[in-house]
Amino acid sequence: MSPAIPADCVPPTPVEELRITSADGTALHAEVHGDPAAPTVLLAHGWTCSIAFWAPVIRQLAGEFRLVAYDQRGHGRSDAPSGRAGYSTRALADDLEAVLTRVVPAGGRALLAGHSMGGMTVMAAGDRAGVASRTAAALLVSTGAADLVAELRVAPDALRSPGLRRFLHQRILKSRLPLGPVTGVSRAVLRYATMGPSAPAGRVEATARIVHACPTPVRAHWAGVLGELDVRDGLAALAAPTAVIVGTDDRLTPPVLAHRIVAGLRDPQGLLLLPGAGHMAPVERPAEVAAEIRRLAVAHLGAPAERSTAA
């Protein structure tokens with residue numbers, strides 16, 4: 001029997017759904033949650049995930065903010081690119097700019113929060129004037145700017161050869177094997193690779209269902225992009241006040257990558273280490289992720305003090 005999904009991991013009903021066209025014509029699905037009149041927080045999810053991944057954080061903050069989440073191209077209800085050229089960090093930046101321009105009027109600003117590939121999206125768009133003018137602050141969660149394959153910690157530590165570890169990590173990332181239905185074995189593999197050892201079974205199950213829903217070709221195409229990732233130029237251009245979160249047990253984007261991001265920021269606003277957490281911090285530790293969003297919003301977006309902690 002599958003573990004029960006925690007109530008806060010069940011996606012809430014949005015107050016509005018949007019269809020947004022990116023620069024190359026790719027149609028993106030976005031949802032608005034919370035208070036439409038409140039300050040805006042834009043949420044960008046990571047590789048193989050979807051808007052549903054943000055459900056626990058949305059439920060924490062819906063009483064305080066207007067939360068806009070969108071499905072990255074090829075994920076969730078957004079269209080997949082028509083060709084390989086549509087899989088690139090430039091395309092991710094185009095998508096972020098398109099969504100931000102649609103949901104934040106000229107003269108307005110939002111807080112950007114990106115997890116994993118979503119954080120890479122924020123960094124990739126760091127030199128975009130259309131993004132910078134609408135960004136009050138940013139939060140980068142469980143992410144990296146470059147050298148992902150070199151720093152992955154999925155392969156066993158007993159494999160000491162850097163070349164062999166890199167090869168195995170590349171094969172794992174680019175695998176085109178379909179994930180199929182969620183099983184006890186697949187949950188165990190996902191927990192090991194992406195979550196902390198003490199992550200509750202229900203949260204592992206919720207994450208597994210989201211990840212398994214990602215189409216295999218989309219997963220593989222984006223893996224190729226991540227394997228060659230380098231958004232350090234965008235990171236250097238990111239002028240907004242920016243904070244970083246990482247779990248101490250993150251195998252996909254370990255703390256060394258977070259420290260490098262902080263060192264490269266123009267206006268660092270702190271590094272929050274989550275003891276025992278893996279890569280999926282917004283699902284594993286939503287209260288702490290939400291608290292960091294709230295802290296940044298109060299400091300840089302003019303948001304009021306906390307009114308509610310759950311929706």
Side-chain angles (χ1 to χ4, degrees), residues 17-31 42-54 68-103 112 114-131 140 143-150 152 166-180 194 209-235 237-238 252-253:
E17 296 187 9
L18 303 171
R19 202 70 175 164
I20 301 170
T21 303
S22 191
D24 65 352
T26 300
L28 307 171
H29 174 72
E31 296 180 359
L42 181 63
L43 304 170
H45 69 75
W47 177 52
T48 73
C49 293
S50 65
I51 291 172
F53 181 79
W54 286 108
V68 179
Y70 71 100
D71 286 324
Q72 299 270 22
R73 54 177 53 209
H75 297 74
R77 292 165 62 186
S78 288
D79 288 351
S82 57
R84 283 201 172 190
Y87 293 91
S88 68
T89 55
R90 179 176 180 177
L92 292 177
D94 286 342
D95 294 350
L96 175 61
E97 187 168 15
V99 174
L100 196 57
T101 300
R102 173 72 176 273
V103 303
L112 310 185
H115 170 260
S116 192
M117 194 171 80
M120 298 163 198
T121 300
V122 174
M123 288 183 278
D127 60 354
R128 300 286 183 98
V131 174
L140 307 176
T143 190
D147 302 322
L148 298 188
V149 174
L152 278 171
R166 177 182 287 272
F167 172 78
L168 288 175
H169 284 144
Q170 287 175 333
R171 302 312 300 167
I172 291 169
L173 279 177
K174 295 181 180 180
S175 171
R176 287 182 171 271
L177 291 175
L179 296 182
T194 73
R209 292 188 189 182
I210 293 168
V211 170
H212 279 237
C214 181
T216 299
V218 170
R219 186 181 81 233
H221 283 317
W222 279 120
V225 174
L226 299 181
E228 304 298 328
L229 180 80
D230 190 342
V231 292
R232 287 175 290 189
D233 287 346
L235 171 62
L238 181 58
L252 296 185
T253 54

Full working for side-chain contact (heavy atoms from CB on, under 4.5 Å) between Cys49 and His75: CA-CA 7 Å; Cys49 293; His75 297 74; 5.6 Å; no
Tell me whether Asp233 at atom CG has more than 12 heavy atoms from other residues, nucleotides or ligands lying less than 6.0 Å away. no
Rounded distance (nearest 0.5 Å) linking atom [atom1] of [X] with atom [atom2] of [Y]:
X	Y	atom1	atom2	result
Asp147	Asp230	CG	CG	7.5 Å
His212	Thr48	NE2	OG1	9.5 Å
Leu229	Met120	CG	CE	5.5 Å
Leu226	Arg219	CG	CZ	12.5 Å
Arg102	Arg19	CZ	CZ	11.0 Å

Pair Leu152, Leu252 - check side-chain contact (heavy atoms from CB on, under 4.5 Å), show working. CA-CA 5 Å; Leu152 278 171; Leu252 296 185; 3.7 Å; yes
So Val225 and Leu92, side-chain contact (heavy atoms from CB on, under 4.5 Å) or not? Walk me through it. CA-CA 11 Å; Val225 174; Leu92 292 177; 5.6 Å; no
For [X] versus [Y], what's the shortest heavy-atom pair and its separation?
X	Y	value
Ser78	Asp71	OG-O, 2.6 Å
Thr121	Tyr70	CG2-OH, 3.8 Å
Thr89	Ala124	O-CB, 3.7 Å
Ser116	Thr143	O-OG1, 2.8 Å
Met117	Trp47	CB-N, 3.5 Å
Ala146	Arg232	CB-NE, 3.6 Å

Do Asp95 and Ser22 get their side chains close enough for a donor-acceptor pair, meaning under 3.5 Å? yes
So Leu96 and Arg128, side-chain contact (heavy atoms from CB on, under 4.5 Å) or not? Walk me through it. CA-CA 10 Å; Leu96 175 61; Arg128 300 286 183 98; over 6 Å; no
What orientation do Tyr87 and His221 show, parallel under 30°, tilted 30 to 60°, or perpendicular over 60°? tilted
Using atom types as modelled and distance alone, determine if a side-chain donor or acceptor of His115 lies under 3.5 Å from a backbone N or O of His45. no
For the pair Gln72 (side chain) and Ala44 (backbone), establish whether a donor and an acceptor sit closer than 3.5 Å, ignoring hydrogens and angles. no
Stepwise, does the salt bridge (Lys or Arg N to Asp or Glu O under 4.0 Å) test hold for Arg73 with Asp24? CA-CA 11 Å; Arg73 54 177 53 209; Asp24 65 352; 2.9 Å; yes
